[in-house]
Amino acid sequence: MISITVAVLASLGSLFILLAAVGILRMPDTYLRMAVTTKAATLGIGLILIAAAVYFHDLSTTTRVVAIIVFILLTAPVGAHLIGKASYIAGNKLWERSVMDDLKGKYRKTGRKVGAPRNMKESSDEDAG
Amino acid sequence: MEILLALMIGTLYAAGIYMILRRSLVKLIIGIILLGNGANLLIFLLGRIAKGHPPIIPEGAETFLEAYSDPLPQALILTAIVISFGLQSFAIILVKRAHKVVKTDDLDEMNATDEYS
Amino acid sequence: MTLNEFLYFIILPVLSLSILMVFFRFVKGPTISDRVVAVDLLVTIGIGVIAVYSILTHQHTFLDIALILALIGFLGTVAYSFYIQKRKNK
Amino acid sequence: MIEQLTIFPLLLQMALAILLMFSWSRISWQKNISIFGNILNMGVSVWLFITVWQNGTQTVQAGSWDAPFGITFAADTFSATLVLLTSFAGLAVSSFSSGSVIPARLKFGFFPIFHFLLLGLNGAFLTGDLFNLYVWFEIIIITSFVLLTIGGEKAQLEGAVKYFTLNILASIVFLTAIAVLYGLTGSLNMADLASKVAAVENRTLVQVNALLFLVGFGIKSAVFPLYFWLPASYHTPPSAVSAIFGGLLTKVGVYALMRVFTLIFEVDAFLENVLLAIAVLTLFSGAIGAIVQNNIRKVFSYLVICHIGYMIAGLGMMTQVALAGAIFYLIHDIVVKTNLFMVSGVIYKITATHSMRKLGGFYADYPKMSLLFAIPLFSLVGIPPLSGFWPKLSLVLAGWSTENYLLIGAILFSSFITLFVIVKLWGEVFWKTAGQLPKLRNFPYFQKLTWPRKAEMIIPIIFLSIISLYIGFGAENIQSLASRIAFELSDNQEYINAVLNK
Amino acid sequence: MKTIILRTASNYMLPLLLVFSVFILLRGHYLPGGGFVGGLIASIAFVLHAFANGLEDTKNLIKFHPGFLMPAGLGISFFSGLVPVLFTDKSFLTGTWYPHHLPVIGSLGTALFFDIGVYLVVVGVTLTIIFTISEST
Amino acid sequence: MKNRFLANILLTFIWVALTGSFAFANVVFGFFLSYFLLLVITRGSGRARYFRMVPKAISFFFFFLYELVKANLQVAWEMGTPKFYMTPGIVGVPLDIHSDNEITMLANLITLTPGTLSLDVSEDKKVLYVYSMYITNREDFVRGIKQGFEKRIKELYS
Amino acid sequence: MLTAILSGFIFSIFLIFAGKFLKGKLAVLSALVPFGLFVYFLSFIQRVSEGEVIRQNIEWVPSMGLNLNFTLDGLSLLFSLLITGIGFLVFAYTAAYLKGNDYLDRFYGYLGMFMGAMLGLVLSDNLLCMFIFWELTSISSFFLIGFNNTSEASRKSAILALAVTGSGGFLLLAGALLLGSVAGTYSLSEMMSLSGFISESPYYLVIVILVFGAAFTKSAQFPFHFWLPGAMKAPTPVSTYLHSATMVKAGVYLLLRFTPILGNQEVWNVTLITVGGITMFYAAFHTLFRTDLKGILAYSTISVLGVLVFLIGLGNEYALTAAAVYIIVHALYKATLFLITGIIDHETGTRNVTVLAGLRKVMWPVALAGFLAAVSSGGIPPTVGFLGKDLIYEATLDMDNWGMWLTILAIATNVLVLYAGFVAGIKPFMGELPEKFSKVHMPSVLMWVPPMILAFLGILVGIFPVLIDTTIVRPVVDAVGGEANLHLKIWHGFTEILGLSAITLVVGIGLYFILKPSEKWESRIAKLDFIAPKNITLFLSSLFRDFSNWWTRIFQNGFLRNYVSTIILFLVVIVGYSLLTQQNGFRIDFSSFDKMTYYEMIIMGIMFLSIIFVVVAKSRLTAVVAMGVVGYAICLMFVIYSAPDLAMTQFSIDTLTVILFVLVLSSLPKYLSISDYKMRIIDGILSLSFGLLITLIALEVLGEPVNKEISNYYADNAYVLAKGKNVVNVILVDFRGADTLIEISVLTVAALGVFSLLKLRLRREDRELKD
Ligand code: NA
Ligand code: NA
């Protein structure tokens, strides 16, 4: 019974991961690749991890699996958001068949958002030393 | 398996040296890092590798019940990795500072200290 | 077919294939963002591989590594995007 | 507690380093802690030396794990001697640094790092474990990097990039050698390795392994053709740093070579040829390198290389007489080279230049100081009976008995060139009338310093000069020490038994 | 790169990662982990926080210069090695154990304090390096 | 104060889960550990009301799961077929929620849902820029988000 | 005797501290030191002439066979008396000569040191001990020649002199050690009895060559003579003392000392006769072309040294006696001439013999001394010079085969020496006093008395040869192993020797009146300078310097990549040679390898490609990211091969490194691609061979049996003794805790380094290395 559950979960999980892989390979622009991969992979990994939890079938493993899933759910979207934003600022073009771009012109030519405050010293002002 | 790993280690050594032989500061550091990885893997390989048997004594047991992989090379590599990290961090900063002060990135232009004065 | 065989002959190959595809994207780029996305995904798949491997070898210890990967891999992504943005700002 | 005497120098230096870090940026505390600590360290080192001299090899099994399972620290006569010399040089440089290093550098951790370096040196001399030696090497390397770059001047950084890269390369080769050795024997304890390596059937691999160690340590000892990092960098940091580098850093490599090639590997015919060829070319390259330099610190740097050749020569010939000569030279060289770089520091403090072309007039202006400086200078040359003379006797003698005529030629040649170079330096720096040197504003000229700071610079030079003179005139004692070390190295059973508790 | 999203997430992740780092530290003697990895995770937590909130924020958070952790950690490790020398007649670094089994940690011994020292040093080192770099870029 | 206490309890719980031991001592240790850590790092944040949250959170979780699977299938279709049917674009979604926590949660959930990706939040926290693979028209898309995730998040935090 | 030797050194050290008091008139008191010693050595004449050998043995470095063994026999006594006697006069003379010089104390210090060294040299019975003093004479000579250290010419001469004599010193060292190891002792007196044994040793020739090298350089034999004229840059007392009377005779002393040990072999005699013969004539001939008084004296000194070597080479009874006498003769008249030259120089300000004339009118005692010395140098009876010259002819005529030619050579030399002596000792005083010297006055008593004493001694001994015959000369001949049956006589009757003397006299005096020293001659000979040994040596040394430059630049060329490739090439060559020349071929055991799994291959493949990608990447960030992938692949590898701790650490550190890179990358240089195609190929080949070497080594090691004794111990005891289950961690914190403690220290120092590197900014004036 456990074996079958594990097998099913793992299969589903790897399938979603495969999906993400195909996505990143096929999609025509950076944003699409990102949009496709984050979730598919997250779901896939979640399923595989659950499979492992089922397989080991003890409290400490389960809590660890839960922890990993929570971490991934927390970090994956944040990461995707960061790269997405960064690549938009870096000037990566949208796919030519895109229908709209509400962000167009929201960032200055220099790339920094209008009025955005400085954090970890974005510009590298080399001191003249 | 070992033969592939050995080739990989050779590749790391070769790539490391090749990068060090370039004229760019950044490549130099990357080369050093690759070499370090090669050396660590070499210790690992020559300490003999085993699959699926981490050197952790199972719960409830006082010693290993089945095969285990050699913990000593692992400990050595761990030490080596951490030390390399320290050195690499310093190297990265050194390069940054050197680049800033010497105002060139071409290693070939950094040869004033070898000239006679 | 035992569970182990199933994992070994079906699941791991699928994951490996995915890794190869993602790696191809990594090599191909074309932008640095694509590469970073690819690396991010590689790490994620790596977590899956480790999870499967831990079942294969009956070593739940390996899940701890998966945990670390999940936590820290993220930071790499943050750093890269930080850099991509910073470079643009220069 | 007393049983731990062997590692007292380590414990003390570690404690000092930590204490100094806690006194971050309180310079005057740091100076006092450092000097006082080093005096204490000298006491401990003398104590250790006497104990070893009277009772033979002392060991400490760290963590109470019997060798070869834990890490063993062992002080045989060789180690104890080097620890003793390190304590002399350390005390001298500590005081010299207090006087000469500018506050800006002192505020950025000069003293803690310096004590970490001393810790590393002592550790390298005392450890009985090969991987542990690697770790000690690394702390020596990193501290030397930091000391080399502290201040971040252009020349420092350019030199440091080379120093860094080549020393890292040495570490990698060392690590590679350790990997091979572990793969062959499964052990890291040097005494244990002695028998385990001998038992390895595949002698080719053993030889390959030995060569890897040779290259790794060779880079660190700055032998031909592996020395390039040294002339590129030794003249760039503050003189106090050059002093400890020039005196001790390359010697750790030599120590490691001597230890490894007497304890673990035997020097076969091929290795002997390689070592002797290296020795000849090192003597040659170092000597002629020194001739063409005009920066006094560069001159000394090349002489550092040149004189490593004597030690390698002794190792290559591998007779007890030769080893004794090499060790005598090692002892002499540590004291003298440290002293010479301090001398160059004082000269710099007085004139703000290191260039022989610009320097001059010391003899007329500072007669007593010149006389003092003459002691290390002419000790280096080995004007008999000063300290550099004695080891050459053993080395040439060993050369005759092993029929290495080319080597004798190289030894005499390099002695001659050393003589020539130092005499030329004497002419340029001390005799020649000084040209008009520009007066630098705000430069902390020696003349402007307060007397305690002057004393902090001059007393260590006097201190080491007295030791040099002792080595020269008390050569019998040093020779019997060197002979005893040579004997212990070639007949290592006592060391092995002490380490393995047999 | 100030984004609300990252900043908010980092506020959650910092305590999580820190707890996790201590967890990794304490169980190191029994399972994978230990002072190094623990320390690295802890420092990564702060680095993440610095990325999200700016360096000044993170520095204010820590309240003291992370460099202080280096001598402190070294001191703890060193002293835990000295304990057997000072209080028993054993060698330097000999594992000295409190005779009773303790909850959470298991056996309490110098090895644990040694590892805690390692942890602190690693945190101190990593943060010093990264903060210094951030300040001077 | 309360928040801090809650955070403390939450961390204690996580600790217990991580170590897998509910032994009294472990709980106490976990409590003091998280207390200490919070003491080190606290700067005041969040104003979650944990107790009321729980039931809503559970229903929310299932809603999310549903969306996740649905979207994944959609993407799977896109991947599996040789032709591309997508009509991607970036849409600025005006926000009714204002707290950082809420916005973050919304943005993350959008990102986690296949086919969409939160790119940025405007400086004034009024607009969330979302990238999506399927945009038929702006209003439908914006409504979809506001009716779905945003509404539930608002309920969760109220 | 030790006290006698040390007194010179003690005197010098005393001057370091008390030098201030030695200024002015008190300086003359310092002459008491050599005087006391002279008297002390005189007191031994009786005992020594009776054949007694006085010994003193003090242990110094017995483990190297070096002890302070002193013996006083005839030879040593002769030299000791010269050293102290002439030393006494020179010390006194100096007080006036250098009156008012700021550095008079230093000068006396060096003189004292030299005297001590010289005494040590001639009194040592231990060869190594002798070597020490030998070197000390070179060094003190260096300081004395360079006494006028602000003059570049002085400095150069000092260095040249030290370079030549110093290199000879190293030959002596090598020879001494070889001789010592052949003979089994360093004691000269013990070696005498081993003479036969030594000359049969295969090393005999080497020893002789080395000893000759030392002696010829020290005693300025052709072609190593060229340092001596330059050494005349030294103040005249130095020229007198070192470069004519004592130090240059150290080589002669050495040869005499070794005559009973190494002599009586053909190679010994022939070489010495040849070298001595060439030197004596070559140098004597050179005096014709000199106008500087000191130059003339320098060459005539070289000539006389040649004569002495020549005599030692002849080696017969006459020759050895002649040598002993000639040493005395030369010391007496040449010292006189030098001192006179010093007086002339001091009073007139010139040493140019073409302008000097008529000085007898202003300084008649000096003129008298000069005359006596010149006469003695010419070997005119009844001076002591006559005794010497006679014996030389006796010696050459005694040679069977070449006697005739050698005699002619000797006559020619003596003619020229006579000429030189007359030019130096008589010419400046003859003729009309030029106007510009009219204000020249008598020198101080301290200056003219010493040459006078020496000159009169020359006459005295000439008239009463018995004064030195049995007391000094015969013990010398005794000591060098000759049979001393000869008696010194001034009148032998009308023999052919007398005829030869007469010829010498007539031709010499004729030459003096015919030839006038002139600058024209001097400049003419200067055209031949390019083949002079000095210039050839200087040319060779400049070639050597160019070579040094070239060699140093070739290796220390400033290019880091060249350094790295040299090192790697060296490693690949020696390790590769050792690996590829092994007898049994490679022992790679493929069967012992596990089966590969596909996922391992995929990880390896990805890692491999990433490495390639790192190498070929065109942008910095891409390379860094690819390096990250390499790290992650390694991490997975660690997982697969059962190293969870490593995997964790590798992953964390890899990420941190990436962060570091990213933080500093924008301030790092853009990627460069400057190496040309050829360079890349060469580097590629070198790198690949290095990588291949490592792979081969790894594979071969894997075929070796495994020893797991230590790992097993860890596994067995990790929990039982160290109370931990993660064995890796137990090793880190317990079994090998020392490693870890240092490792965190490394980290700490690295952090401090980063901190100081980035935060510390030196103020301009704090920067070292402005030059
Ligand atoms: Na599709
Ligand atoms: Na998404």
Side-chain angles (χ1 to χ4, degrees), chain E residues 24 27-41 43-44 47-48 51 65-67 69-71 73-74 77-78 80-81 92-95 97 101 106-122 124-137, chain G residues 638-639 642-657 659-668 718-719 721-759 761:
Chain E
I24 287 286
R27 49 169 247 157
H29 221 48
Y30 299 92
L31 289 165
F36 289 124
V37 189
L40 288 173
I41 293 172
S43 31
I44 282 174
V47 173
L48 178 65
F51 266 117
H65 195 285
L69 290 175
M70 299 189 291
L74 262 181
S77 289
F78 179 59
S80 75
F92 182 59
L93 284 169
T94 304
W97 301 89
H101 203 76
S107 307
L108 181 65
T110 47
L112 177 71
F113 288 96
F114 188 85
D115 228 7
I116 290 175
V118 173
Y119 175 93
L120 293 178
V121 170
V122 172
V125 164
T126 316
L127 292 186
T128 304
I129 291 176
I130 293 200
F131 286 4
T132 313
I133 293 174
S134 307
E135 281 166 11
S136 70
T137 359
Chain G
F638 284 146
V639 173
S642 339
D645 281 280
L646 277 183
M648 283 180 179
T649 314
Q650 173 80 30
F651 190 81
S652 322
I653 291 217
D654 216 58
T655 307
L656 267 177
T657 309
I659 291 173
L660 278 184
F661 254 118
V662 160
L663 282 176
V664 299
L665 214 49
S666 58
S667 66
L668 283 187
Y719 190 69
L721 296 177
K723 300 181 202 280
K725 291 197 161 178
N726 178 359
V727 185
V728 174
N729 187 268
V730 175
I731 294 174
L732 286 175
V733 300
D734 201 331
F735 289 118
R736 298 186 64 91
D739 281 350
T740 310
L741 190 59
I742 310 314
E743 171 197 344
I744 57 178
S745 307
V746 172
L747 278 184
T748 303
V749 177
L752 295 183
V754 168
F755 188 71
S756 76
L757 207 49
L758 290 178
K759 295 263 168 151
R761 294 283 186 277

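Proteins come first, then strands; the chains are lettered A, B, ... in the order of their sequence lines, and each starts at number 1.
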Region of E:Val37 that comes under 4.5 Å of a non-hydrogen atom in chain G: side chain
Evaluation steps, side-chain contact (heavy atoms from CB on, under 4.5 Å), between E:Val121 and G:Thr748: CA-CA 7 Å; E:Val121 170; G:Thr748 303; 3.5 Å; yes
Contact winner vs chain G - E:Asp115, E:Thr94, E:Leu127, heavy-atom pairs under 4.5 Å: E:Asp115
Minimum heavy-atom distance G:Met648-E:Pro32, with the two atoms named: CE-CB, 3.7 Å
From E:Leu74 atom CG to G:Ser745 atom OG, the distance as rounded to the nearest 0.5 Å: 4.5 Å
Contacting region of G:Ala647 [heavy-atom separation from chain E under 4.5 Å]: neither
E:Ala111 to G:Val733 - nearest heavy-atom pair and separation: CB-CG2, 3.9 Å
Winner by heavy-atom pair count (cut-off under 4.5 Å) against chain G, out of E:Leu93, E:Ile24, E:Thr110, E:Leu69: E:Leu93
Pairwise side-chain contact, E:Leu31 with G:Asn726, heavy-atom cut-off 4.5 Å (strictly under): no
Within-4.5 Å side-chain heavy-atom neighbours: G:Leu732 and E:Phe114: no
Gap between atom CD1 of E:Ile44 and atom CD1 of G:Ile659 - 0.5 Å precision: 5.5 Å
E:Phe131 side, atom CZ; G:Leu663 side, atom CG - distance, nearest 0.5 Å: 11.0 Å
Closest approach of G:Lys723 to E:Trp97 (non-hydrogen atoms, all atoms of both residues): CE-CG, 3.2 Å
Gap between atom CZ of G:Phe755 and atom CE of E:Met70 - 0.5 Å precision: 8.5 Å
Approximate separation, where rounding is to 0.5 Å, of E:Phe36 CZ and G:Asp645 CG: 10.5 Å
Residue, of E:Thr128, E:Leu40, E:Thr126, that accumulates the most heavy atom pairs under 4.5 Å with chain G: E:Leu40
Close side-chain approach of E:Val122 to G:Leu747, heavy-atom, < 4.5 Å: yes
Residues in salt bridge (charged side-chain N to carboxylate O under 4.0 Å, His left out) contact with G:Asp739, at least two apart in sequence or another chain: G:Arg736
Pairwise side-chain contact, E:Ile130 with G:Leu656, heavy-atom cut-off 4.5 Å (strictly under): yes
Largest heavy-atom contact set with chain G, pairs under 4.5 Å, which of E:Gly67, E:Gly95, E:Gly28: E:Gly28
Non-hydrogen atoms of E:Ser77 and G:Leu741 that approach each other most closely: CB-CD1, 3.7 Å
Segment of G:Val730 engaging chain E (4.5 angstrom heavy-atom cut-off): both
Taking every non-hydrogen atom, the tightest pair across G:Asn729 and E:Gly34: ND2-CA, 3.6 Å
Chain E contacts, top residue of G:Ile744, G:Ile653, G:Thr655, G:Val727 (heavy-atom pairs, under 4.5 Å): G:Ile744
